[in-house]
Amino acid sequence: MKRRDFFARAAYTAAGFGILRNLEACQTLAGPAIIPGSFSQLRDQYFIFHLLRNPVTSTYLGGDAYHADLKNTNTRLRDYSAISISGEVAFYRSMRETLNRIKPVTLSAQERVDYKVMISQLDFLIHQLADLRYFERSIDTYVAEPFRGVDWQMQQMQDIPGGMLGTAAEWDEVITRTLAIPAYLDAARANLLSGKRSGNLPDKRMVQRDGIAGARSNADYFRNTLGKTASGFIGARGFGSTTLPRLTAAGNSAAAAWDSFADFLSQTFDVNESVDRFASGETEYEWRVRHIFGDPRSAAQLFEYGKEQVTLYTSRVADVARKFAAEARMNLPFDTAAQQYAGIQAVMAFLSKDSPKDDDQLLRWYKESGERAVKFGRDNQLFDVPATYRLDVYPTPPVLRSTIDAAYYPAPPFKATGVGRFYLTPTDNDAAALKQNNFASVADTAVHEGFPGHDWHYKYMTANGAKISNIRWLTPGAVEDSSSMWSDSLASEGWALYAEELMSQPATGHPYGFYSAGEYMYELQGQLLRAVRIVVDVGIHTKRMSFDQAVDYFTEHALFQPNARARATTDGPAKAAMDSAGRAMYRYSKWPTQAIAYNLGKNAIVNLREEFKARRGGAFTAKDFHERFMSMGTIPVAYFKDSFLSGEVP
């Protein structure tokens with residue numbers, strides 16, 4: 001069954017049962033009434049409602065192609081008014097109560113999985129909106145959503161011959177959404193003032209970095225970059241003569257609103273206050289781990305687990321570095337912890353000498369690593385890779401170059417337009433930046449972002465979408481900021497990290513699998529980084545560590561620069577390590593539990609594989625397991641583990 005046909009039929013069925021409501025009916029204090037029906041009907045009603053209320057999430061998923069009721073979501077931004085938020089909460093609570101009356105044993109195996117997913121999503125949304133009132137302090141969400149909505153719209157536009165993008169109607173949608181920004185920021189301003197009055201305040205770092213700096217950046221984008229980008233994509237087509245001036249006017253209006261919002265933040269919040277407000281607290285942290293990840297461990301247990309993982313991967317990195325140094329006749333001691341750090345640094349400095357001469361060569365290296373990875377996957381029967389599959393790497397579009405180095409942007413699953421892209425940001429042939437992208441460092445990133453990481457994962461899921469229900473694609477709260485539930489990270493980022501480790505399995509004549517010894521060191525460093533994240537994320541959010549203590553732990557254990565703080569004023573590498581750790585810690589401080597999703601997700605997949613292997617015995621194949629896992633969608637293992645192992649779900 002073709003994926004697009006499946007989605008079309010599912011949507012028409014939902015409409016036939018009359019479970020969908022127009023947007024006006026949703027704009028009431030009590031929210032729309034729940035329409036009784038089967039579980040699948042309730043699931044679809046919730047899915048449509050959530051995308052109506054979260055139009056940027058709808059854009060990300062391609063919701064405008066999923067059902068006619070969502071066709072105008074690309075013209076809107078989320079309504080954060082008090083009446084809209086109250087209506088959302090009322091709807092989610094009513095839906096939650098309705099689900100309580102359903103007996104899971106009466107559902108099919110796949111529906112029981114979806115039931116767990118839906119319960120978890122609803123609990124999170126009610127908790128986020130009603131209990132925490134997070135919209136009163138979610139500055140990064142307010143700043144990110146409008147830009148992402150417009151950016152994702154452009155990525156999904158129809159390809160026009162001659163390198164153009166977008167129809168007149170698609171560009172009209174961009175204009176309409178851009179015009180909605182001033183009112184959107186008015187609602188954000190009102191919510192933040194309400195939070196300030198009640199003491200529900202954002203951390204000073206978020207105010208300064210995502211808030212003031214982010215708003216100024218948005219002002220520049222909408223005033224200058226958007227129009228230039230649109231002009232290049234529209235070209236000399238006739239509608240441009242009217243569309244471009246309207247887009248310029250809309251962009252200027254949005255830019256003025258962003259400048260005003262930045263001024264408001266500067267005047268309303270103290271970015272120099274001594275109080276840290278980022279910590280979620282132990283109770284909240286454990287609530288997230290249990291209700292979202294389905295992981296029963298306490299914060300204390302996770303903290304110790306993280307330390308164990310750090311010790312494990314530090315030892316592995318040092319072991320490979322020792323062997324590499326011996327073969328290269330570098331004459332390095334590895335007897336003490338200090339010598340291990342110094343030895344690892346020395347080996348990586350040695351590897352960095354093999355750096356690309358320019359951006360063109362760097363791009364070729366990534367493409368060639370991807371080709372090698374695909375061949376390795378085929379040769380070792382890890383996956384059934386179609387002959388038509390290829391991994392392409394593209395230079396990052398100019399509009400995204402300030403925010404990413406290397407990243408994967410999946411295609412919207414519900415839409416025919418838009419293609420998943422593995423983006424690599426050019427260095428502009430900067431010698432220092434090229435050195436950081438040395439040959440040995442390329443392979444692991446190519447695996448994580450490309451094959452068999454994100455690119456393969458998302459393309460497989462899209463091709464086999466008939467097995468994946470709509471809510472398994474959903475990212476409740478937001479797509480990629482601190483309002484997000486992060487359940488998809490446990491699956492998608494967990495898979496990408498699993499893919500990195502999977503490709504290191506020894507093969508005949510290849511002790512490190514797909515990797516060379518130098519490449520394997522970088523793979524292990526990636527594993528170590530995700531282990532360090534557990535310690536610092538649990539540490540700062542449960543107050544086991546201060547912000548500075550977490551930075552110091554990160555510089556020592558992830559960057560191999562112990563005591564970097566004391567040396568930063570006179571030592572270049574130490575200063576660079578401090579800067580890098582500071583940026584990382586800020587990211588973790590605003591997104592509790594996201595940073596731990598990589599390691600926890602990877603090891604959940606490993607444990608599932610081993611249990612599945614034990615049950616299947618001689619019938620087990622890696623290919624079969626991987627395809628079964630990817631068919632579950634972007635949800636945590638805990639939601640489907642029992643059904644998966646029992647064979648109830650294919």
Side-chain angles (χ1 to χ4, degrees), residues 1-4 6-7 61 109-110 113-114 116-117 294 370 373-374 376-378 380-391 408-414 419-420 422 446-475 487-503 505 597-598 600-613 615-616 619-650:
M1 181 184 295
K2 291 184 179 180
R3 177 177 179 74
R4 308 299 173 187
F6 165 76
F7 284 131
L61 295 177
Q110 290 284 13
V113 173
D114 288 346
K116 292 179 184 178
V117 172
V374 172
F376 184 88
R378 285 194 177 109
N380 290 275
Q381 299 183 330
L382 299 176
F383 308 94
D384 186 10
V385 186
T388 55
Y389 174 80
R390 57 179 293 172
L391 175 63
Y408 186 76
Y409 275 65
F414 303 139
V419 179
F422 177 0
V447 166
H448 184 102
E449 305 294 350
F451 181 91
H454 291 318
D455 185 74
W456 172 246
H457 188 197
Y458 277 96
K459 285 179 179 173
Y460 184 90
M461 288 190 294
T462 299
N464 294 273
K467 301 175 184 178
I468 303 173
S469 67
N470 48 21
I471 62 170
R472 299 193 196 183
W473 294 98
L474 203 56
T475 61
S487 55
D488 62 317
S489 291
L490 207 69
S492 59
E493 296 298 352
W495 171 265
L497 191 61
Y498 171 83
E500 293 180 41
E501 193 164 86
L502 177 70
M503 297 292 277
Q505 293 183 357
Y598 296 70
L600 268 59
K602 180 207 74 172
N603 280 332
I605 298 171
V606 171
N607 293 337
L608 180 70
R609 182 190 66 199
E610 295 310 302
E611 289 188 51
F612 186 71
K613 185 176 182 179
R615 294 199 181 197
R616 299 283 289 179
F620 172 86
T621 67
K623 180 178 75 69
D624 175 56
F625 170 76
H626 292 145
E627 291 179 353
R628 286 171 181 263
F629 174 83
M630 289 188 288
S631 296
M632 294 296 101
T634 58
I635 58 174
V637 167
Y639 295 175
F640 61 80
K641 180 178 180 179
D642 292 342
S643 298
F644 189 98
L645 293 175
S646 67
E648 289 183 286
V649 293

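Only heavy atoms go into these numbers, but all of them, side chains included; no hydrogens, no water, no symmetry mates.
- Glu501 meets the side-chain hydrogen bond (donor to acceptor under 3.5 Å, both in side chains) test with Tyr313, Lys602; sequence neighbours excluded.
- By the ring pair (Phe, Tyr, Trp, His ring centres under 6.0 Å) test, Tyr408 is found to be paired with no residue, residues two or more places apart in sequence or in another chain being considered.
- Inter-residue side-chain proximity for Glu500 and His448 is flagged as met; some heavy-atom pair is nearer than 4.5 Å.
- Ring geometry for Trp495 versus Phe629: interplanar angle under 30°, hence parallel rather than tilted (30 to 60°).
- You'll find the side chain of Met630 reaches within 4.5 Å of the side chain of Phe383, heavy atoms only.
- A distance of 15.5 Å separates CZ of Arg616 from CZ of Arg609, quoted to the nearest 0.5 Å.
- Partners of Arg378 under the salt bridge (charged side-chain N to carboxylate O under 4.0 Å, His left out) rule, at least two apart in sequence or in another chain, do not exist in this structure.
- A search for side-chain contact (heavy atoms from CB on, under 4.5 Å) contacts involving Pro636 returns Ser487, Leu490, Tyr639, not counting sequence neighbours.
- Side-chain contact check for Trp456 versus Val374: every heavy-atom pair is 4.5 Å or farther apart.
- Within the 4.5 Å cutoff, side-chain heavy atoms of Leu382 are placed close to those of Met503.
- Considering only residues two or more places apart in sequence or on other chains, Tyr460 meets the side-chain hydrogen bond (donor to acceptor under 3.5 Å, both in side chains) condition with none of them.
- Using a 4.5 Å cut-off on side-chain heavy atoms (C-beta onward), Asn607 and Val637 make no contact.
- Atom CG of Leu600 and atom CG of Leu497 lie 11.0 Å apart (nearest 0.5 Å).
- Note on ring orientation: taking the six-membered ring where Trp is involved, the planes of Trp473 and Phe414 are perpendicular (angle over 60°, cut-offs 30° and 60°).
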Would Phe644 and Arg628 count as a side chain to side chain contact (heavy atoms under 4.5 Å, CB included) here? Give the steps.
CA-CA 8 Å; Phe644 189 98; Arg628 286 171 181 263; 3.5 Å; yes
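- Put simply, the side chain of Leu645 reaches to within 4.5 Å of the side chain of Leu608, judged on heavy atoms.
- Looking at heavy atoms from C-beta onward, Asp384 lies in side-chain contact with Glu627 at the 4.5 angstrom threshold.
- Screening Met461, Met632, Gln110 against Ile468 for a side-chain contact (heavy atoms from CB on, under 4.5 Å) leaves a single residue, Met461.
- Here the NZ atom belonging to Lys459 is positioned 14.0 Å from the CG atom belonging to Asn464, to the nearest 0.5 angstrom.
- In terms of heavy atoms, Ala373 sits closest to Val447 at CB-CG2, 4.4 Å.
- With sequence neighbours left out, the side-chain hydrogen bond (donor to acceptor under 3.5 Å, both in side chains) criterion links Lys116 to no other residue.
- Distance alone, capped at 3.5 Å, places no donor-acceptor pair between the Ser489 side chain and the Gly494 backbone.
- Distance alone, capped at 3.5 Å, is enough to place a donor-acceptor pair between the Asn380 side chain and the Phe376 backbone.
- Ring-plane geometry between Tyr389 and Phe451 is classed as tilted, the angle between the planes lying from 30 to 60 degrees on a 0 to 90 degree scale.
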